[in-house]
Amino acid sequence: MRLTFLMPVFNERATVEEILRIVEASGLADRIIVVDDASTDGTRELLQEMASHNPRMELHLHDRNQGKGAALRTGFAKVETELVLVQDADLEYDPRDVPSLLLPIEEGKADVVFGSRFLGAPRRPTMFWHMVANKLLTLMTNVLYNTILTDMETGYKLFRREVIQSIVIRSNRFDFEPEITAKLLKKKVRIFEVPITFNPREYSEGKKIGLADAFAAVWALLKFRFVD
Ligand SMILES: Nc1nc2c(ncn2[C@@H]2O[C@H](COP(=O)(O)OP(=O)(O)O)[C@@H](O)[C@H]2O)c(=O)[nH]1
Ligand SMILES: [Mg+2]
């Protein structure tokens with residue numbers, strides 16, 4: 001099955017070249033769609049240079065910063081392969097895990113696969129409160145939507161193209177994760193979770209998600225359960 005890697009990027013000069021090199025070297029990407037969300041640190045120029053001599057890479061440029069969800073919306077609309085995987089531009093998620101993400105779809109058991117950072121794979125132990133927030137948001141998801149996910153907020157999400165293109169996504173920022181999870185669960189789409197390794201970066205290394213995003217996620221989980 002053909003696979004597109006979709007990479008939302010905002011000010012990631014320190015890592016974007018390396019992660020794109022790793023994705024290329026994996027040999028798993030039939031296409032790489034990169035959406036630059038008005039980076040101002042030289043990332044954009046770097047991406048333009050890389051795209052100019054890589055026919056597999058397609059670059060879309062937002063002219064003002066809109067957030068990860070907005071960048072993903074731009075990207076999902078362009079996907080033509082059967083499968084699409086969100087690949088962040090930092091080095092937190094490792095393309096070596098992609099074959100195990102693909103397996104449940106190849107075996108016909110799932111239409112969406114989440115890579116879970118909490119299912120026992122190797123990881124760098126850091127940022128206690130971040131872990132607590134992730135676990136609380138996942139617990140809230142499980143209570144509201146009657147499921148047993150271990151990692152709702154994971155960035156490593158793999159979709160069959162028809163599934164993601166049939167869902168309207170309104171979130172512009174990091175509330176993409178609760179919105180898509182809520183809508184998949186409400187539609188009873190078949191989700192599988194597989195363990196993935198995780199190498200988290202800290203704020204000093206460019207992490208952008210923060211406490212306000214955790215509250216936005218709580219609101220999104222309630223809104224999509226009871227209102228939307
Ligand atoms: N398009 C876009 N991507 C963003 C924005 N903020 C963060 N990202 C990207 O989203 C991914 C995850 O960001 P990060 O701060 O590491 O958050 P976390 O991994 O979810 O904790 C990275 O690839 C970022 O470059 C934004 O405003 N717009
Ligand atoms: Mg990250």
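For ligands, and for the atoms within them, numbers begin at 1 and follow the listed sequence.
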**Study point:** Identity and separation of the nearest protein heavy atom to atom 9 (C) of ligand 1
**Key:** Pro8 O, 3.7 Å

Revision key, fill the gap. When rounded to the nearest 0.5 Å, the distance separating NZ of Lys207 from CE of Met127 is 4.5 Å

**Study point:** Proximal ligand 1 atoms for Ala71, defined as those under 4.0 Å from one of its heavy atoms
**Key:** 1 (N)

Check your understanding: Of all the atoms in ligand 1, which lie at a distance below 4.0 Å from a heavy atom belonging to Glu12?
Key -> 22 (C), 24 (C), 25 (O)

Review point. For ligand 1, is there an N or O atom under 3.5 Å from any N or O atom of Val35?
Key: no

Practice item. Could you name the option among Glu153, Lys68, Glu177 that has the heavy atom nearest to atom 3 (N) of ligand 1? Key: Lys68

Practice item. Please determine if Ala89 has a nitrogen or oxygen closer than 3.5 Å to a nitrogen or oxygen of ligand 1. Key: yes

Review point. Counting backbone and side chain alike, does Asp88 bring an N/O/S atom below 2.8 Å of the Mg ion (ligand 2)?
Key: no

Revision key, fill the gap. Restricting Asp90 to its N/O/S atoms, the closest one to the Mg ion (ligand 2) is OD2

**Study point:** Asn65 N/O under 3.5 Å from ligand 1 N/O
**Key:** yes

**Study point:** Asp36 side chain vs Leu61 backbone, donor-acceptor pair below 3.5 Å
**Key:** no

Study note, to complete from the structure: The N/O/S atom of Glu92 lying closest to the Mg ion (ligand 2) is OE1

Review point. Is Thr43 reaching over with its side chain to a backbone N or O of Glu12, donor-acceptor style, under 3.5 angstrom?
Key: yes

Check your understanding: If you measure every N/O of His130 against every N/O of ligand 1, is any gap under 3.5 Å?
Key -> no

Check your understanding: Of all the atoms in ligand 1, which lie at a distance below 4.0 Å from a heavy atom belonging to Lys208?
Key -> 6 (N), 7 (C), 14 (P), 15 (O)

Review point. Does Gly155 have a heavy atom less than 4.0 Å from any atom of ligand 1?
Key: no

Exercise for review: Looking only at non-hydrogen atoms, find the nearest pair between Ala89 and Ile19 and report the distance.
Suggested key: O-CG2, 3.4 Å

Practice item. For the pair Asp213 and Lys208, find out whether any cationic side-chain nitrogen is under 4.0 Å from an anionic carboxylate oxygen. Key: no

Revision key, fill the gap. Paired with Arg117, the side-chain hydrogen bond (donor to acceptor under 3.5 Å, both in side chains) test is passed by just one of Thr197, Asn199, Thr150, Asn134, namely Asn134

Review point. Starting from atom 20 (O) of ligand 1, which protein heavy atom do you reach first, and at what distance in Å?
Key: Ile209 CD1, 3.6 Å

Point to revise | Side-chain (Asp37) to main-chain (Asn65) donor-acceptor, under 3.5 angstrom | key: no

Study note, to complete from the structure: Contact region, Arg173 to ligand 1, non-hydrogen atoms below 4.0 Å, reads neither

Point to revise | N/O separation below 3.5 Å, Phe10 to ligand 1 | key: yes

Point to revise | atom 12 (C) of ligand 1 - nearest protein heavy atom and its distance | key: Asp88 OD2, 3.3 Å

Exercise for review: Please check if the side chain of Lys109 supplies one atom and the backbone of Arg190 the other of a donor-acceptor pair under 3.5 Å.
Suggested key: no

Check your understanding: Looking at Asp37, which atoms of ligand 1 are within less than 4.0 Å of one of its heavy atoms?
Key -> 1 (N), 2 (C), 26 (C), 27 (O), 28 (N)

Exercise for review: Ignoring hydrogens and angles, tell me if any N or O in the side chain of Tyr145 forms a donor-acceptor pair with the backbone of Leu221 under 3.5 Å.
Suggested key: yes

Check your understanding: Got a donor-acceptor contact below 3.5 angstrom from the Glu193 side chain to the Asp151 backbone?
Key -> yes

Exercise for review: Among all protein heavy atoms, pick the one closest to atom 21 (O) of ligand 1 and tell me residue, atom and distance.
Suggested key: Lys207 NZ, 2.5 Å

Revision key, fill the gap. Note: Ile105 and Val112 closest approach over all heavy atoms is CD1-N, 4.4 Å

Review point. Between Phe192 and Phe114, is the gap from one ring center to the other below 6.0 Å?
Key: no

Review point. Taking only heavy atoms of Asp90, which atoms of ligand 1 are found under 4.0 Å from at least one of them?
Key: 16 (O), 19 (O)

Check your understanding: Hey, is Glu92 touching ligand 1 through its side chain, its backbone, both or neither, going by heavy atoms under 4.0 Å?
Key -> side chain

Point to revise | Close approach, Arg201 and ligand 1, non-hydrogen under 4.0 angstrom | key: yes

Review point. Measuring from Met152:CE to Ile191:CD1, what's the distance to the nearest 0.5 Å?
Key: 11.5 Å

